[in-house]
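First the structure, in the form of structure tokens, and then the observations on it.
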Amino acid sequence: MRLFVAVWPSTAVREVLLGVDLAAGRSNLRLVRPNDWHVTLSFLGSLPDHEIDALVQGLRSATESVDQVEATLGPGTLKLGRGVLCVPVSGLEELAAVVHGATAWANRSDDPEERFVGHLTLARTRRRAPIPRQLVGLAVSTAWVVDEIRLVSSTTRQDGPHYEPVAHFTLRPTAK
């Protein structure tokens, strides 16, 4: 099973993102479906089914004492590599480190030590085309409280990736 650990933006954040005008480059873009917008904390690669229970237990143990955090989206769109249009996300670095520590034993990705770069992908280009310049730097900025993380399976289909939650892990409310 191909797995990753991620956080999903709140409904209010998705509303802000829906306001980003990507019409200028739409013909060369494959837009990410709004329900699929997420920030990957750790990509794990393909794990055998018999390891999933131990992975879930390890993530549960590692996150049961982790407080909710505020994630900040923005201040604008940028390109990641040649063909990814995204919005940077900050505030998740410590959470990503906790996840990395809890999942390192199970990581089967091509680069298990890959450094966390917080971002939310809005679109990818078709046929390795570059991201249109007019889409880079579009203003988008907001924040949300991250109150859970998800272990998610990913299956590639003809119409794009399909994500299925495997487990949810609730973070502790922050003391006020």
Q) At what distance, to the nearest 0.5 angstrom, does CD of Glu70 lie from CG of Asp147? A) 12.5 Å
Q: Could you tell me which non-hydrogen atom of Pro130 sits nearest to which non-hydrogen atom of Arg82, and how far apart they are?
A: CD-NH2, 3.3 Å
Q. Should Leu59 and Trp105 be counted in the same cluster of Ile, Leu, Val, Met, Phe, Trp and Tyr side chains packed under 4.5 Å apart?
A. yes
Q. Can you pull the side-chain hydrogen bond (donor to acceptor under 3.5 Å, both in side chains) pairs that have at least one residue in residues 106-124, sequence neighbours excluded?
A. Glu51-Arg108, Asn107-Ser109
**Q.** Non-neighbouring partners of Thr142 that pass side chain to side chain contact (heavy atoms under 4.5 Å, CB included), sequence neighbours left out
**A.** Val13, Val16, Leu73
Q: Look at the side-chain heavy atoms of Ile, Leu, Val, Met, Phe, Trp and Tyr, link any pair under 4.5 Å apart, and say whether Phe116 and Phe169 land in one connected group.
A: yes
Q | Verdict with reasoning, Asn28 to Ile131, per side-chain contact (heavy atoms from CB on, under 4.5 Å) | A | CA-CA 8 Å; Asn28 282 334; Ile131 295 292; over 6 Å; no
Q.
Can you tell me how far apart CD (Glu15) and OG (Ser10) are? Round to the nearest 0.5 Å.
A. 9.5 Å
Q) Does the side chain of Ile149 come within less than 4.5 Å of His168's, by heavy atoms? A) no
Q | Listed partners of Tyr163 passing ring pair (Phe, Tyr, Trp, His ring centres under 6.0 Å), at least two apart | A | Phe4, His38
Q) What residues form a side chain to side chain contact (heavy atoms under 4.5 Å, CB included) with Val98, not counting sequence neighbours? A) Ala62, Val66
Q | Gap separating the OG atom of Ser154 from the CZ atom of Arg2, nearest 0.5 angstrom | A | 4.5 Å
Q: Decide yes or no on side-chain contact (heavy atoms from CB on, under 4.5 Å) for Leu47 and Ile52, but give the supporting numbers first.
A: CA-CA 7 Å; Leu47 272 72; Ile52 305 301; 4.2 Å; yes
Q) Can you name the nearest heavy-atom pair linking Gly58 to Ala102, along with the distance? A) O-CB, 4.0 Å
Q. With the 4.5 Å side-chain cut-off for hydrophobic clustering, are Leu122 and Leu31 part of the same group?
A. yes
Q: Please report the C-alpha distance between Leu85 and Leu22 in whole Å, then the side-chain angles of each, then the deciding distance to 0.1 Å, and finally whether the side-chain contact (heavy atoms from CB on, under 4.5 Å) criterion is met.
A: CA-CA 10 Å; Leu85 180 69; Leu22 302 180; 3.5 Å; yes
(Q) Distance check, rounded to the nearest 0.5 Å: Leu3 atom CG versus Thr103 atom OG1? (A) 10.5 Å
(Q) What's the separation between atom CG in Asp21 and atom OG1 in Thr77, rounded to the nearest 0.5 Å? (A) 11.0 Å
(Q) Under 4.5 Å between side-chain heavy atoms, counting indirect links through other Ile/Leu/Val/Met/Phe/Trp/Tyr residues: same cluster for Val152 and Met1 or not? (A) no
Q: Have a look at Val7 and tell me which of Leu120, Leu41, Leu171, Val99 forms a side-chain contact (heavy atoms from CB on, under 4.5 Å) with it.
A: Leu41
Q. Quick one: are Val20 and Leu135 in side-chain contact, heavy atoms under 4.5 Å?
A. no
Determine all donor-acceptor pairs shorter than 3.5 Å in which one atom belongs to a side chain in residues 86-95; sequence neighbours excluded.
unit_1 : atom_1 : unit_2 : atom_2 : d
Glu93  : OE1    : Gly91  : N      : 3.0

Q) Can you list the steps and then say if Arg14 with Trp37 is a side-chain contact (heavy atoms from CB on, under 4.5 Å)? A) CA-CA 8 Å; Arg14 284 197 310 270; Trp37 286 332; 3.8 Å; yes
Q) Where the side chain of Arg126 meets the backbone of Leu29, is there a donor-acceptor pair that is under 3.5 Å apart? A) yes
**Q.** Path from Leu17 to Val136 over hydrophobic side-chain contacts below 4.5 Å
**A.** yes
**Q.** Pairing residues for Arg172 by the side chain to side chain contact (heavy atoms under 4.5 Å, CB included) criterion, not counting sequence neighbours
**A.** Ser65, Asp67
Q) Does NZ or CZ of Arg150 fall inside the cone over Trp8's six-membered ring, less than 6.0 Å from its centre and within 45° of the axis? A) yes
